[in-house]
Protein chains: 2
Amino acid sequence: MTTRELLFLGLLRHQKMHGYQLNEFIQQDLAVCTDIKKPTAYYLLNKMEARGWITQSSEQIGNRPLRRVYQITPTGEIAFQSMLRESMQEYTPTYFEDDIPLAFLDELTTDEASTYLETRKEQLLSELEIMQNTPVHPGTVQWMLEHRLRHLQAEAAWLDEVLSRLTLMEEE
Amino acid sequence: MTTRELLFLGLLRHQKMHGYQLNEFIQQDLAVCTDIKKPTAYYLLNKMEARGWITQSSEQIGNRPLRRVYQITPTGEIAFQSMLRESMQEYTPTYFEDDIPLAFLDELTTDEASTYLETRKEQLLSELEIMQNTPVHPGTVQWMLEHRLRHLQAEAAWLDEVLSRLTLMEEE
DNA sequence: TATAACATGTAACAAGTTACATGATTTC
DNA sequence: GAAATCATGTAACTTGTTACATGTTATA
């Protein structure tokens, strides 16, 4: 995913950050949109530094572990601009992990299927609740969060329809 | 993705198939839901055979290349049943590659942003058209395809809203 | 007779994850 | 004094992709 690098550059454009700080922000504020693990983040930062997109400067508070504070370079800015434009016009089809099992739903009794889908629905609703409680972000970051919200709402509506179809089949 | 193995088992339950045949079917009939490449398919078949989930029997027509025809075993059937139940109650959050660029949309002029999103929309609409022209499948395979259709429609509606928001901003 | 379709694979690479390792400081 | 937080990483593994290799047969 090239967009992970775009994200890093986009965040560093606004503010110098060290790896830990980036990780924190992504896990707390952007958890609904992406899921970058710690080692991946450090790996990407090193890679981007080697490319000259960002530079490091060390910082230490007291005797705490050294912080490597990253800052975007002019080369990095150019990369950001071109990646942004490229990715903005691209539509990437998304595949749903949960689609495949759905194809074999008719292997189960309507009763069993309903029970499982109710479990799915609970998980979905709890994610929806989390989303609706996250603070409003400035600019189009909020648009990204809204997109995700729309998607979750569409999923909830779909699940409801599948469940009602199953109920109809049960009555026959 | 465990669901790829579920898919293979699910297809082989209905009919013995050789690798080439499986690939054809997935690329022609299920292209909208998954995207399994040839080497991945052969790799998975070998792995599943090693596990005892499927067995091979060779078949040759004339002097053509040998076909390895795969068939599900009782062990494979057990695996299918348990994977189906497990995956059916799981809700797997989906991340959208195209979300991240959206967060930085306000770095572009409304004009440029609109142009790019129109390009995205065209690609989306052409995928929608393909979907609406795929033949109806039996049973809940059709449900899977419908889910995908719902998703694409929600995406189209979202894109339209973003585009109209941009138009409103331009007028200010 | 060239090209597409049939049929199966290998080797090298890319991306990302898990589990592990290290050590300081703050909080309970 | 134990546990959580701060801070950065490495090594091994998993999964999947791209590009390449091979040879037959039907079709244009």
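Here the structure is a predicted model, which is why all the values come from computation and not from measurement. Note on naming: letters A, B, ... go to the chains in the order of the sequence lines (proteins, then strands), and numbering restarts at 1 for each one. Note that these values count all heavy atoms, side chains included, but never hydrogens, waters or copies made by symmetry.
Less than 6.0 angstrom separates the ring centroid of A:F80 from the ring centroid of B:F104.
Taking atom NZ of A:K47 as the reference point, atom P of D:dG9 lies 16 Å away to the nearest angstrom. Regarding A:M48, its CE atom lies at a distance of 16 Å from the C1' atom of C:dG16, rounded to whole Å. Note: CG (B:L45) to C1' (C:dT8) measures 11 Å, nearest angstrom. Atom P of nucleotide C:dA15 and atom CG of A:L7 are separated by 17 Å, given to the nearest angstrom. B:Q60 has its CD atom 11 Å from the P atom of C:dT8, to the nearest Å. Rounded to an integer number of Å, the gap from CZ of B:F25 to C1' of C:dA7 is 19 Å. With rounding to whole Å, A:Q27 atom CD is found 13 Å from D:dT5 atom C1'. Atom NE2 in B:H18 sits roughly 9 Å away from atom P in C:dC6 (whole-Å rounding).
Using a 4.0 Å cut-off, no side-chain N or O of A:Y42 falls inside it from OP1 or OP2 of D:dG9. Contact check, A:Y20 against D:dC6: a side-chain N or O comes under 4.0 Å of OP1 or OP2. A sub-4.0 Å separation between OP1 or OP2 of C:dA15 and a side-chain N or O of A:R4 is absent.
If you check every strand for non-hydrogen atoms under 4.0 Å, B:I36 touches nothing. Nucleic acid contact class of B:E24 (heavy atoms, under 4.0 Å, all strands): sugar-phosphate only. Among the heavy atoms of the strands, none lies under 4.0 Å from B:N23.
Using a cut-off of 4.0 Å between Lys/Arg side-chain N and Asp/Glu carboxylate O, B:R120 and A:E90 are scored as not salt-bridged. With salt bridges taken as basic N to acidic carboxylate O contacts below 4.0 Å, one links B:E146 and A:R165. Salt-bridge formation is detected for the pair B:E5/B:R51: a Lys NZ or Arg NE/NH1/NH2 atom is positioned less than 4.0 Å from an Asp or Glu carboxylate oxygen.
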Open item on the list: Using salt bridge (charged side-chain N to carboxylate O under 4.0 Å, His left out), reason through B:R68 and B:E59 one step at a time and then give a plain yes or no.
Closed with: CA-CA 6 Å; B:R68 295 168 194 283; B:E59 196 180 281; over 6 Å; no
- [ ] Take nucleotides 18-28 of chain D nucleotide by nucleotide from the 5' end and write B, S or -, depending on whether a protein heavy atom sits under 4.0 Å from the base, only from the sugar-phosphate, or from neither.
- [x] BB---BSSS--
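Note that CG of A:D35 and CD1 of A:I26 are 10.0 Å apart. Values are rounded to the nearest 0.5 Å. For the atom pair B:F96 CZ and A:R148 CZ, the distance stands at 6.0 Å (nearest 0.5 Å).
In the set D:dG9, C:dG9, D:dT17, D:dG9 carries the atom at the smallest distance from any side-chain atom of A:Y70.
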